[in-house]
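What you see below is based on every heavy atom in this structure, not just the backbone, and it leaves out hydrogens, waters and symmetry mates.
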Amino acid sequence: MCGRAAGPFVCVCVLLASIPTPQTPLQASLPPLHPRPAGHPTTEPQDVFHAFHPNLKFVRKFLKPLLIGELAPEEPSQDRGKNSQVTEDFRVLRKTAEDMNLFKANHVFFLLHLAHIIALESIAWFTIFYFGNGWIPTLITAFVLATSQAQAGWLQHDYGHLSVYRKSMWNHIAHKFIIGHLKGASANWWNHRHFQHHAKPNIFQKDPDVNMLHTFVLGEWQPIEYGKKKLKYLPYNHQHEYFFLIGPPLLIPVYFQYQIIMTMIVRKDWVDLAWAISYYTRYFVTYIPFYGILGALLFLNFIRFLESHWFVWVTQMNHIVMEIDQEPYRDWFSSQLSATCNVEQSFFNDWFSGHLNFQIEHHLFPTMPRHNLHKVAPLVKSLCAKHGIEYQEKPLLRALLDIIRSLKKSGELWLDAYLHK
């Protein structure tokens, strides 16, 4: 673990070679390292910086060597698209949320969540132990384990965002345990990807989650650009159809799995690798007696196949349907609202999505414990209404269907540009 500062400092520790990004997570999430505009207050953190770091006093001392100087007033600024009134009002909103103790975690909530994951794993083992390894017990066990993996994914997300404990160190330790020992993945790999996504959501070349490696075209700008340049790596006008074949089925068991293993080995991340090995050891010791080595390996990949569907549909319903474009240089509040949408609250939706149905609030306040997101939502809606910013919230089924509609629309834009421009 490289330091006890908040997330973006930790994610500097590993660089993901398989994703070409022009910025490191530090550059993506911290204030720009070019000179500041003259008169800019040296002690006022930018909203993106504040969002990621619960302990500002601790991390500020790391920033002093990074200051280059002051930007002359006549020099152009990248802040041209930022609304100062929105920024001021958002900072008041954040202060209100702090005064309401909405950044204080309920530890019982997270302990119960961990307990229900362990209970699911225990039920899965008992099912095979008691009923045998026939097709029906195996399928039941696979779905139970896929559920525990999905829920462990939401829980590691909480600790990865430093939203549980006051001390960052304890969040990092718990994060490594959950993502490593319970899921066989890498905390540093996750940090590197995820903080870039949060800093610049849906921005090409800055958000790794919209780097589709030419398999899909997203939004409106990219498909038209591909069409004009006559780029046809795949028949994108059918991407809403082949999405079902190469999207949800393959993301976790193939693409993520390869990335995670290669990152830990190539970057010599031995701590995360040790945690991942502990997961695989536990899994194979548990299930090889029932299925043998090959059977246990196939069973593991089937579990990840099921989990991958769950993960893809939940994570994409909030983002892929929103604006995906080049850097617009908006203020923090406006940029998050343009790239995220919510799904209506219910007990099932909260559990099913790990409270990522409150994606807007989570992106605005990534260190806020998820059980408090619904409490800050009315304040966010009010601020949106004041400034005429759209706040999108929809039913779960519509949100899922919108993924396919969005892919189809982007594919049609590509085909039109490919044939006629």
Side-chain angles (χ1 to χ4, degrees), residues 1-2 4 7 10-11 13-14 16 105 107-129 141-165 167-194 252-253 256-265 267-291 293 296-297 299-308 310-311 354 370:
M1 190 182 307
C2 56
R4 293 175 295 151
V10 175
C11 62
C13 301
V14 60
L16 191 55
H107 295 291
V108 175
F109 172 89
F110 292 104
L111 286 174
L112 289 176
H113 195 84
L114 176 60
H116 108 286
I117 293 168
I118 296 173
L120 287 169
E121 297 235 356
S122 302
I123 291 170
W125 174 84
F126 180 79
T127 301
I128 295 297
F129 175 79
T141 300
F143 277 94
V144 172
L145 286 176
T147 301
S148 73
Q149 285 293 290
Q151 292 299 320
W154 307 145
L155 185 60
Q156 68 83 23
H157 179 265
D158 297 316
Y159 288 98
H161 273 295
L162 314 180
S163 64
V164 181
Y165 299 116
K167 288 186 175 292
S168 296
M169 180 181 69
W170 292 112
N171 284 296
H172 293 315
I173 293 172
H175 187 216
K176 286 185 179 293
F177 168 76
I178 294 167
I179 197 172
H181 184 67
L182 296 186
K183 291 189 63 63
S186 165
N188 286 336
W189 167 84
W190 183 87
N191 285 338
H192 178 80
R193 282 187 62 99
H194 199 65
I252 289 180
F256 275 5
Q257 194 59 36
Y258 172 79
Q259 275 195 347
I260 291 167
I261 293 174
M262 290 304 297
T263 297
M264 292 188 293
I265 294 174
R267 301 301 172 185
K268 299 180 181 180
D269 192 353
W270 307 131
V271 174
D272 280 9
L273 184 60
W275 279 112
I277 289 173
S278 75
Y279 163 80
Y280 287 107
T281 301
R282 177 174 60 86
Y283 170 82
F284 284 115
V285 166
T286 303
Y287 290 102
I288 282 179
F290 300 107
Y291 296 105
I293 296 175
L297 187 61
F299 187 49
L300 175 61
N301 280 280
F302 180 60
I303 294 166
R304 286 183 168 155
F305 167 84
L306 296 175
E307 180 202 357
S308 189
W310 190 329
F311 175 82
R370 60 159 127 155

message: What I'd like to find out is whether the side chain of L155 reaches to under 4.5 Å of the side chain of I117, using heavy atoms alone.
response: yes
Min side-chain heavy-atom separation L162-H172 under 4.5 Å: yes
- prompt: Looking at residues at least two apart in the chain, or sitting in another chain, which of them share a ring-ring contact (aromatic ring centres under 6.0 Å, His included) with Y279?
  reply: none
- line: For H116, the side-chain hydrogen bond (donor to acceptor under 3.5 Å, both in side chains) test, sequence neighbours excluded, returns W351
task: Under the side chain to side chain contact (heavy atoms under 4.5 Å, CB included) rule, collect the residues that match up with L273, sequence neighbours excluded.
output: M264, W270, I277
statement: Sorted by chain and number, sequence neighbours left out, side-chain hydrogen bond (donor to acceptor under 3.5 Å, both in side chains) with S186 holds for D272
- prompt: Listed by chain and number, what are the ring-ring contact (aromatic ring centres under 6.0 Å, His included) partners of F299, not counting sequence neighbours?
  reply: Y287, Y291
task: Would you indicate whether the side-chain heavy atoms of F109 and R370 approach each other to under 4.5 Å?
output: yes
message: Counting only heavy atoms from other residues, nucleotides and ligands, does the tally under 6.0 Å from CZ of F143 exceed 12?
response: no
- request: Please lay out, stage by stage, how K176 and N188 fare under the test side-chain contact (heavy atoms from CB on, under 4.5 Å).
  value: CA-CA 9 Å; K176 286 185 179 293; N188 286 336; 3.9 Å; yes
message: By the salt bridge (charged side-chain N to carboxylate O under 4.0 Å, His left out) test, which pairs, at least two apart or in different chains, include something from residues 107-120?
response: none
- request: Can you measure from OG1 (T141) to CH2 (W125) and round to the nearest 0.5 angstrom?
  value: 11.5 Å
query: Taking only residues two or more places apart in sequence, or in another chain, which ones meet N171 in a side-chain hydrogen bond (donor to acceptor under 3.5 Å, both in side chains)?
result: none
statement: ring-ring contact (aromatic ring centres under 6.0 Å, His included) filter on F126, not counting sequence neighbours, yields Y130
- prompt: When you measure from the side chain of S148 to the backbone N and O of L145, does any donor-acceptor pair fall under 3.5 Å?
  reply: yes
Sequence neighbours excluded and cut-off under 3.5 Å, please list the side-chain donor-acceptor pairs for residues 178-185, or say none.
{"unit_1": "H181", "atom_1": "ND1", "unit_2": "S278", "atom_2": "OG", "d": "2.8"}
{"unit_1": "H181", "atom_1": "NE2", "unit_2": "R282", "atom_2": "NE", "d": "3.4"}
{"unit_1": "K183", "atom_1": "NZ", "unit_2": "Q149", "atom_2": "O", "d": "3.0"}
{"unit_1": "K183", "atom_1": "NZ", "unit_2": "Q149", "atom_2": "OE1", "d": "3.4"}
{"unit_1": "K183", "atom_1": "NZ", "unit_2": "E307", "atom_2": "OE2", "d": "2.7"}

field: Between CH2 on residue W189 and CG on residue D269, distance to nearest 0.5 Å
entry: 13.0 Å
task: Give, for atom OG1 of T147 and atom CD1 of I123, the distance between the pair rounded to the nearest 0.5 Å.
output: 10.0 Å
Any residue meeting ring-ring contact (aromatic ring centres under 6.0 Å, His included) with H161, in chain and number order, not counting sequence neighbours: H157, W190, H194, F195, H198, H362
query: Can you tell if the side chain of Y159 reaches within under 4.5 Å of the side chain of F177, non-hydrogen atoms only?
result: no
- prompt: Hey, does F284 have a side-chain heavy atom less than 4.5 Å from the side chain of L297?
  reply: yes
- prompt: Which value, rounded to the nearest 0.5 Å, describes the distance between W154 atom CH2 and F311 atom CZ?
  reply: 6.0 Å
task: For the residue pair H175 and W170, establish whether any side-chain heavy-atom pair is separated by less than 4.5 Å.
output: no
- prompt: Which residues pass the side chain to side chain contact (heavy atoms under 4.5 Å, CB included) test with V108, sequence neighbours left out?
  reply: N106, L112
- request: Could you tell me which residues satisfy side chain to side chain contact (heavy atoms under 4.5 Å, CB included) with I118, sequence neighbours excluded, listed by chain and number?
  value: L114, S122
- request: Take F256 and R193, measure what side-chain contact (heavy atoms from CB on, under 4.5 Å) needs, and give me the verdict at the end.
  value: CA-CA 11 Å; F256 275 5; R193 282 187 62 99; 4.0 Å; yes
